[in-house]
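Working notes, structure below.
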Amino acid sequence: MNFELTLLLFGAAVIAFALISRWSQQGPMTAPLFFTLAGLLLSDRGLGLLAADPEWGLAHWLAEVTLVWVLFTDASRINLRQLREGHNIPLRLLGLGLPLCIGVGALIAYPMFPELGWAGAFTLAVILAPTDAALGQAVINNERVPVRIRQAFNVESGLNDGMALPLLIIGLSWLIGENHSASHWLELASMQLLLGPIYGVAVGLAAGRALDVGVQRRWVSPTYQRLGLLAIAMASYGLAELCGGNGFIAAFCAGAAVGTRTHVFCAPLHRFAETEGQLLSLINFLLFGAIMIPHALPDLTWTHFFYALLSLTVIRIIPVIISLTGTQLQFTSKLFLGWFGPRGLASLLYVLLVMQEDHAPGKDQLFSVAVLTILLSVLLHGVTAAPLAQRYSRYIQRNSADTGAEQKETSSFPTRRPFGREET
């Protein structure tokens with residue numbers, strides 16, 4: 001694939017979407033859908049302008065940089081006290097719904113894809129567990145949807161990618177180490193899981209505190225506040241990888257340390273992530289359409305299609321309903337939250353991590369199922385977000401009193417906004 005041509009076409013796609021970006025906030029054409037379709041149009045299945053193998057080094061490099069940045073910025077928004085006090089719905093979705101979703105997904109995947117084994121089934125379920133608010137931006141933008149429901153959707157989407165990552169590391173270690181003893185892959189996973197947080201927290205606390213003092217004493221210019229934060233994410237990733245830990249977990253833990261211990265420059269970090277950081281996400285969706293989908297299409301079967309539909313419905317909705325039992329939410333609200341569990345950027349990046357492992361058995365099968373599920377989610381959630389949000393908001397207004405569980409006040413939580421969403 002020609003790098004210069006890729007930049008040209010990506011720039012043209014960004015300009016084209018910018019012209020419809022305000023309309024897209026309430027319409028079916030979300031940014032992920034637009035860039036996925038643009039990539040598919042430009043692929044060898046369309047105009048033939050962008051064609052490369054999923055093993056293309058630049059695609060993997062972009063995926064890694066994007067994942068480091070997303071994990072770091074999402075973790076920097078975590079406020080544990082605020083979560084405990086006013087966000088019991090996303091806490092249930094994250095603490096109970098996410099593990100149940102992974103468990104149900106693995107139980108269904110194992111008999112449907114026996115060649116994957118339990119390690120592959122578990123890894124596939126983890127890849128498809130995180131949700132992405134960008135694919136349901138019409139839900140976030142619709143102010144008639146109760147704020148408690150919108151916040152639950154946004155908080156869950158902002159945090160579950162980081163929470164699923166350690167499980168992905170375990171799944172990959174299990175998958176790669178199937179030909180080794182159990183002690184071998186357990187040692188591999190534990191090294192990744194222990195050293196990553198140690199180095200991430202160390203870098204986040206030390207560098208974050210140093211920048212915090214510098215900002216308070218007016219030593220640091222606004223530009224280098226943002227660059228300094230980006231450097232913390234990069235340094236934590238690099239140190240952990242050099243020392244045998246997992247760099248992605250280190251970046252997440254560094255972000256959590258920065259968000260917990262430093263307060264002066266978190267706002268510039270979030271503004272930077274919502275503008276410059278979005279470009280990385282958008283080009284990943286363009287490459288998803290141009291490279292990943294065409295590569296997966298020839299290997300797809302009805303079994304892949306059936307599992308993808310189950311992943312977006314039964315495997316997601318049943319755990320959500322179970323996890324929200326006792327919250328006094330109406331059953332319609334539980335179904336609404338269950339359906340809007342779109343698979344997007346995190347799943348896309350996670351499957352590319354799997355493709356990097358040369359010795360991972362069944363990785364092509366994992367790739368095909370995950371790509372199809374993400375594609376269906378981009379299409380179905382993008383198209384249904386606006387009409388279902390409108391119908392749900394009208395239903396709640398008719399059937400929920402001001403004191404209902406949906407209408408309870410909740411504090412604002414600075415999670416990642418969907419693409420194109422402007423601050424007010």
Side-chain angles (χ1 to χ4, degrees), residues 1 32 35-36 39-40 43-45 50-64 66-67 102 105-106 108-130 132 135 161 164-165 167-178 248 281 283-312 315 342-379:
M1 183 181 288
F35 281 85
T36 297
L40 195 54
S43 72
D44 55 6
R45 297 266 173 173
L50 295 180
D53 191 271
E55 306 277 346
W56 187 37
L58 180 59
H60 286 283
W61 181 83
L62 284 169
E64 289 190 358
T66 304
L67 185 55
I102 294 171
I108 294 178
Y110 180 72
M112 293 183 69
F113 308 106
E115 63 275 17
L116 291 179
W118 280 113
F122 176 78
T123 303
L124 176 62
V126 175
I127 290 172
L128 297 176
D132 190 346
L135 302 183
D161 48 3
L165 181 60
L167 298 176
L168 179 68
I169 303 305
I170 292 174
L172 271 176
S173 300
W174 184 7
L175 191 64
I176 297 168
E178 277 195 325
F248 299 109
S281 300
I283 196 170
N284 275 283
F285 277 106
L286 183 78
L287 295 178
F288 172 67
I291 300 175
M292 298 175 70
I293 294 175
H295 184 77
L297 286 177
D299 299 324
L300 295 179
T301 66
W302 286 108
T303 305
H304 295 120
F305 188 79
F306 186 47
Y307 184 85
L309 288 178
L310 289 176
S311 180
L312 299 179
I315 294 173
R343 311 315 196 274
L345 184 62
S347 295
L348 188 161
L349 300 175
Y350 285 175
V351 76
L352 284 176
L353 291 182
V354 174
M355 293 301 290
Q356 286 183 328
E357 300 294 340
D358 295 332
H359 304 293
K363 69 175 184 178
D364 290 332
Q365 182 88 283
L366 288 171
F367 178 83
S368 297
V369 179
V371 167
L372 179 60
T373 306
I374 298 167
L375 175 60
L376 289 178
S377 183
V378 168
L379 293 170

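Just so you know, residue 1 is the first one in the sequence shown, and it goes up from there.
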Show the nearest heavy-atom pair for residues [X] and [Y], with the distance to one decimal.
X: Ala119; Y: Thr123; value: O-OG1, 2.8 Å
X: Ser347; Y: Ile127; value: OG-O, 2.6 Å
X: Leu116; Y: Ala121; value: CB-N, 4.0 Å
X: Pro130; Y: Ala346; value: CB-CB, 3.8 Å
X: Asp132; Y: Leu345; value: OD2-N, 2.8 Å
X: Lys363; Y: Met355; value: NZ-O, 3.2 Å

Residues in ring pair (Phe, Tyr, Trp, His ring centres under 6.0 Å) contact with Phe306, at least two apart in sequence or another chain: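 Partners of Phe306 by the ring pair (Phe, Tyr, Trp, His ring centres under 6.0 Å) criterion come out as none, since no residue qualifies.
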Partner residues of Phe113 under the ring pair (Phe, Tyr, Trp, His ring centres under 6.0 Å) criterion, sequence neighbours left out: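 By the ring pair (Phe, Tyr, Trp, His ring centres under 6.0 Å) rule, Phe113 matches His304, Tyr307.
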Geometric class of the His295/Phe367 ring pair [parallel <30°, tilted 30-60°, perpendicular >60°]: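 Answer is perpendicular, since the angle exceeds 60°.
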Do [X] and [Y] have side chains that get closer than 4.5 Å, going by heavy atoms?
X: Leu353; Y: Phe248; answer: yes
X: Arg45; Y: Ile293; answer: no
X: Phe305; Y: Leu300; answer: no
X: Phe122; Y: Leu175; answer: no
X: Ile291; Y: Leu50; answer: no
X: Leu352; Y: Met292; answer: yes

In Å and rounded to the nearest 0.5 Å, what is the [atom1] to [atom2] distance from [X] to [Y]?
X: Ser311; Y: Leu124; atom1: OG; atom2: CG; answer: 7.5 Å
X: Asp161; Y: Leu349; atom1: CG; atom2: CG; answer: 9.0 Å
X: Leu287; Y: Thr66; atom1: CG; atom2: OG1; answer: 9.5 Å
X: Ile315; Y: Leu309; atom1: CD1; atom2: CG; answer: 10.5 Å
X: Phe35; Y: Leu40; atom1: CZ; atom2: CG; answer: 14.5 Å
X: Tyr350; Y: Leu165; atom1: OH; atom2: CG; answer: 4.5 Å

Sidechain-backbone polar pair: Ser377 side chain, Ile374 backbone, donor-acceptor under 3.5 Å: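 Between the backbone of Ile374 and the side chain of Ser377 there is no qualifying donor-acceptor contact (under 3.5 Å).
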